[in-house]
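Letters A, B, ... mirror the listed sequences (proteins, then strands); counts begin at 1. Below, all heavy atoms of this structure are taken into account, side chains as well, without hydrogens, waters or symmetry copies.
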Amino acid sequence: MENRDFARILSETADLMEIAGEDGFRIRSYRNGASILEGHTERVSDILRDPGRKVTDIPGIGKGLALVLTEIEARGSCDTRDKLLQRFSPAALEFLKIQGLGPKSIALLIERFELKSMDDLERVCREQKLRDLPRMGAKLEEKVLRSIEQYKQRTGRYLLSIADQTAEELIQHLSSLTGIDSITPAGSLRRGKETIGDLDLLVTGPNAVAALEAVATHPKVQEVLGRGANKTSVKFGREGLQVDVRALLHDSFGAAMQYFTGSKEHNVALRQRAVRMGFKLSEYGLFRISDEVRVAGATEEEIYEALGLQWIPPELRENLGEIELAEARALPRLVELSDIRGDLHMHTTATDGRATLEEMALAARAHGYDYIAITDHSKALAMAFGLDEKRVTDFAATVRKINETGDLGIHILSGLECDILQAGDMDIEWDALAELDLVIGSVHSHMNQEPAAMTDRLLRALECPHLTAFGHPTGRLLLHRDEFPFDFDRVIGAAVQRGVRMEINASPERLDLSANHARAAKAKGAKFIVSTDAHHPKSLANMKYGIATARRAGLAREDILNTLAPEQFLSELRTSKIS
DNA sequence: GCCGTTTTCGGCCCGACTGTTTTCAGTCG
């Protein structure tokens with residue numbers, strides 16, 4: 001049992017207790033516990049099994065939760081959760097994802113209509129039964145129906161991080177087998193797409209078929225969907241992500257990689273090109289049509305080369321002009337994870353982060369960074385105990401002192417993720433912002449404004465001379481909340497003029513800007529930062545997802561501020577502050 | 001349910017919005 005499994009069960013129990021109307025503080029302890037375990041570096045399972053150790057040594061875990069954790073370790077659930085699931089049905093947890101319904105309404109609806117599934121909920125809305133209940137009306141019925149529609153659309157897609165972690169887990173699992181040369185993820189994961197439908201793993205080696213068996217019998221497999229001589233399909237893990245594993249011959253590995261990496265559109269265009277040149281391209285290789293002799297197939301490079309093309313990075317394979325660029329030998333040199341010299345967006349225990357400034361700094365140093373910006377929330381986020389003017393200026397002074405000592409071995413920038421208020425004013429007075437090295441302006445409230453109002457709001461924010469970058473500029477949450485609409489071109493145009501960068505937020509729940517938006521922004525001359533928005537040291541590792549997004553957008557190192565070496569970076573920041 | 005240099009009980013986080021009302025409960029962040 002991994003920490004995130006403990007965390008999930010605690011968090012589900014908290015959801016259910018909320019529906020049951022239990023004590024709010026008790027619920028918060030469960031949620032808090034979940035969040036702590038999620039970020040805890042040591043395995044809870046290991047601590048529980050060690051008689052010399054106590055889970056209660058973890059701050060936030062007391063006697064009560066320790067008992068619950070023991071129970072979860074023993075049988076994968078706890079009494080409280082089981083009883084509540086029986087009372088409300090597992091569908092209750094899904095209902096919480098529907099906008100407009102909270103715990104109170106869900107409890108009432110389940111009690112009144114004996115709802116057992118999302119379909120049941122949809123039916124009572126269509127039958128206009130909600131309006132008979134107190135404080136519910138026609139508008140709510142509409143809202144819930146709209147949200148159910150969105151809910152249905154997003155099932156079957158998974159966050160990039162889920163697919164990535166599953167791939168890592170399976171590769172780890174298979175690497176113990178003998179006779180395996182390589183295990184490589186293909187498909188949309190290799191292309192770094194923001195959400196993933198299923199995971200493709202390609203295996204080569206004299207004993208590659210053994211991998212098929214090993215995956216089919218993995219303890220976390222929910223269901224084996226198919227078993228063939230060269231391919232196994234399973235539903236994996238609690239998320240039920242479909243994983244296809246293929247055993248491949250060595251000499252057609254490149255062709256298979258190319259074929260299974262996609263995208264479909266890219267492959268169609270490539271095969272058309274092959275035919276025009278007298279070849280046939282398939283997952284088995286590139287063949288001359290005249291005599292069926294295979295001319296390439298062992299590596300992707302030789303296939304692209306034989307077609308008169310530069311090798312095309314997977315992230316660009318969408319048939320959006322990359323083939324023409326490859327023909328002209330004019331593909332951009334895409335930014336790499338190793339180009340990143342610092343992370344510019346992260347939180348600490350001063351607001352809603354889980355680690356101190358020192359802990360974040362040390363973790364960043366372990367990533368090999370030269371500098372980081374600490375960007376806690378501003379006071380509009382009262383819930384996160386956001387910083388007011390006094391705390392902002394005190395913080396700036398503290399950071400100056402830390403840098404003087406140099407004790408942390410990494411340069412710290414004093415930053416702020418400052419709320420952009422409803423009308424576009426910054427949540428913190430300009431005088432205080434002036435004390436900081438860097439200000440990220442973000443929208444966290446009133447996201448449902450009309451596009452014109454949102455455009456004005458963002459343009460007004462650009463009037464602040466201390467703004468460095470827009471944080472998660474479209475506010476989307478993948479599979480959860482759409483972007484807020486505004487006049488993108490106008491805002492980008494103004495930001496370019498003001499020298500304000502656009503963030504590519506690397507959190508896998510956001511990836512905001514999207515690759516498409518970032519590509520469009522670059523075309524208008526925008527510059528970027530790629531940053532994790534980490535609330536925990538572990539999340540600093542999310543940088544790779546932001547880089548994947550940047551690469552999909554065709555960004556090079558030069559487009560991204562935090563690829564600069566420290567001296568250049570600081571001088572660039574100072575210049576933009578003066579201008 | 002957790003926690004303690006205001007300590008073993010009594011705090012713990014709150015403001016804005018929405019849709020439903022006729023003074024506000026529930027949702028959201």
Using the ring-ring contact (aromatic ring centres under 6.0 Å, His included) rule, collect all pairs that involve residues 53-74 of chain A, keeping only residues at least two apart or in two chains. none

Please collect all ring-ring contact (aromatic ring centres under 6.0 Å, His included) contacts where either partner lies in residues 413-458 of chain A, sequence neighbours excluded, each pair once. A:H377-A:H444, A:H444-A:H472

Please list, in numerical order, the residues of residues 451-462 of chain A that have a heavy atom closer than 4.0 Å to any atom of DNA chain B. none

Residue met sooner reading DNA chain B from 5', once A:I98 and A:G137 are mapped to nucleotides: A:G137

Kindly write out the residues that satisfy side-chain contact (heavy atoms from CB on, under 4.5 Å) with A:R519, not counting sequence neighbours, or none if the list is empty. A:L316, A:A553

Looking at DNA chain B, which of residues 56-71 of chain A put a heavy atom within less than 4.0 Å of it? A:P59, A:G60, A:I61, A:G62, A:K63, A:G64, A:L65

Give a yes/no on whether any side-chain N or O of A:H446 is located under 4.0 angstrom from OP1 or OP2 of B:dA16. no

Residues from residues 6-21 of chain A sitting under 4.0 Å of DNA chain B, heavy atoms only? none

Output all residues satisfying side-chain contact (heavy atoms from CB on, under 4.5 Å) with A:S507, sequence neighbours left out; order by chain, then residue number. A:N505, A:E509, A:R510

Applying side-chain contact (heavy atoms from CB on, under 4.5 Å), can you list everything that pairs with A:R135, at least two apart in sequence or on another chain? none

Going by heavy atoms closer than 4.0 Å, what residues in residues 100-109 of chain A are next to DNA chain B? A:G100, A:L101, A:G102, A:P103, A:K104, A:S105

For A:K401, check side chain to side chain donor-acceptor pair (under 3.5 Å) against everything at least two apart and list the hits. none

What residues from residues 125-136 of chain A pass a heavy-atom cutoff of under 4.0 Å to DNA chain B? A:R135, A:M136

Checking A:R8, A:R31, A:K97, A:R81 against A:D15 for salt bridge (charged side-chain N to carboxylate O under 4.0 Å, His left out), the one that qualifies is A:R31

Can you name the side-chain contact (heavy atoms from CB on, under 4.5 Å) partners of A:S35, sequence neighbours left out? A:R354

